[in-house]
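Right, one structure below, let's go through it.
We use all heavy atoms of the structure for the numbers below, so side chains are in, but hydrogens, waters and symmetry mates are not.
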Amino acid sequence: QGVLVPGLGTFAVVHEQINGTEEVYVVRRPVFQLDMDMSCLRELVFPTVMIPGDTKIMPLDYWWLSQTNSLPPDMVRGCVEETILLYSFQLRTRQRPAFTFENIGILSCQDNVLCMQFHCSCIAGLESRDVWVALLLT
């Protein structure tokens with residue numbers, strides 16, 4: 001399953017098969033597919049990530065988020081939208097702030113490359129059997 005954050009991109013979990021010398025590993029790992037206004041990204045390079053077509057993509061659940069912080073869903077939606085607009089503006093004006101997603105990772109820009117770096121704990125939480133393989137792939 002994946003989650004679409006409007007104006008920013010989609011977070012998803014993909015299954016990837018790796019052929020080892022003696023064993024075939026199938027690991028779950030997080031991916032992020034950027035989906036921002038191209039005018040924000042004109043000078044930036046970002047990795048192309050393909051989320052399989054059979055992955056169920058759900059919109060960001062503002063009601064669920066509101067339950068985690070006791071704010072009304074409309075206020076949460078407004079905060080998310082304003083934060084994404086601010087981040088887009090900063091990229092457009094050549095500012096390069098890091099965008100941190102708690103317990104997930106950091107969307108950062110270094111040397112004009114914009115990429116999502118997932119926390120090891122996020123990857124390990126998705127893959128219990130072959131954590132090291134998933135970490136190396138991600």
Side-chain angles (χ1 to χ4, degrees):
Q1 178 170 321
V3 176
L4 171 64
V5 180
L8 186 64
T10 303
F11 289 92
V13 176
V14 297
H15 291 90
E16 193 161 328
Q17 181 174 317
I18 303 301
N19 296 318
T21 54
E22 297 177 15
E23 190 175 345
V24 175
Y25 300 94
V26 178
V27 296
R28 294 168 33 104
R29 65 183 191 88
V31 294
F32 175 70
Q33 186 177 38
L34 190 67
D35 184 25
M36 292 183 79
D37 179 7
M38 293 308 285
S39 67
C40 300
L41 306 173
R42 15 173 194 206
E43 299 172 356
L44 299 178
V45 175
F46 50 93
T48 302
V49 175
M50 298 304 294
I51 297 173
D54 61 344
T55 303
K56 184 176 181 181
I57 306 295
M58 304 294 293
L60 186 59
D61 189 340
Y62 297 104
W63 181 86
W64 182 83
L65 283 176
S66 74
Q67 300 306 299
T68 65
N69 58 30
S70 302
L71 295 172
D74 289 342
M75 186 179 287
V76 171
R77 178 188 302 269
C79 289
V80 169
E81 290 171 352
E82 290 295 322
T83 301
I84 292 169
L85 285 173
L86 175 61
Y87 188 68
S88 299
F89 173 77
Q90 290 173 321
L91 290 176
R92 193 176 303 115
T93 58
R94 295 181 176 83
Q95 299 174 54
R96 303 296 188 241
F99 196 140
T100 302
F101 297 89
E102 187 175 349
N103 300 322
I104 298 173
I106 300 171
L107 181 60
S108 64
C109 187
Q110 297 174 359
D111 299 323
N112 287 339
V113 177
L114 184 65
C115 69
M116 185 70 201
Q117 298 168 317
F118 291 95
H119 294 313
C120 293
S121 59
C122 174
I123 298 164
L126 294 171
E127 180 58 47
S128 59
R129 183 171 164 241
D130 296 311
V131 175
W132 290 111
V133 175
L135 286 168
L136 288 171
L137 287 172
T138 305

- Any L71 side-chain heavy atom under 4.5 Å of V76 side chain: yes
- Query: Counting heavy atoms not belonging to D111, are there more than 12 under 6.0 Å from its CG?
  - Reply: no
- Query: Does one hydrophobic cluster hold both Y87 and L65, with members joined at side-chain heavy-atom distances below 4.5 Å?
  - Reply: yes
- Message: Looking at every heavy atom in both P72 and S66, which two are closest together, and how far apart are they?
- Response: C-CB, 4.0 Å
- Are any of the side-chain heavy atoms of V14 and R29 separated by less than 4.5 Å? yes
- Query: What's the spacing between C109 SG and F99 CZ if we round to 0.5 Å?
  - Reply: 14.0 Å
- Item | Path from V80 to L8 over hydrophobic side-chain contacts below 4.5 Å | yes
- Without swapping roles, check the side chain of R96 against the backbone of L91 for a donor-acceptor pair under 3.5 Å. yes
- Query: So how far is it from I51 CD1 to I57 CD1, rounded to the nearest 0.5 Å?
  - Reply: 5.0 Å
- Query: Which heavy atom of P6 sits nearest a heavy atom of Y62, and at what distance?
  - Reply: CD-OH, 3.9 Å
- With the 4.5 Å side-chain cut-off for hydrophobic clustering, are V31 and M36 part of the same group? no
- Message: Rounded at 0.5 Å granularity, tell me how far CG in N103 sits from CZ in F118.
- Response: 13.0 Å
- Query: Between G7 and I84, what is the shortest heavy-atom contact and its length?
  - Reply: O-CG2, 3.6 Å
- Query: Can you tell me how far CZ of F46 sits from CG of N112, rounded to the nearest 0.5 angstrom?
  - Reply: 12.5 Å
- Output the distance between atom CZ (F101) and atom NE2 (H119), rounded to the nearest 0.5 Å. 10.0 Å
- Hey, what's the ring geometry for F11 with F32, parallel, tilted or perpendicular (30° and 60° as the breaks)? tilted
- Item | N/O donor-acceptor pair under 3.5 Å between Q33 side chain and T10 backbone | no
- Same apolar cluster (I L V M F W Y, side chains within < 4.5 Å links), M38/L114: yes
- Message: Quick check for you: to the nearest 0.5 Å, what is the distance between I106 atom CD1 and M116 atom CE?
- Response: 8.0 Å
- Item | Common cluster, L60/I104, ILVMFWY with side-chain heavy-atom separation under 4.5 Å | yes
- Item | Smallest separation among heavy atoms of Q117 and S108, with atom names | OE1-OG, 3.4 Å
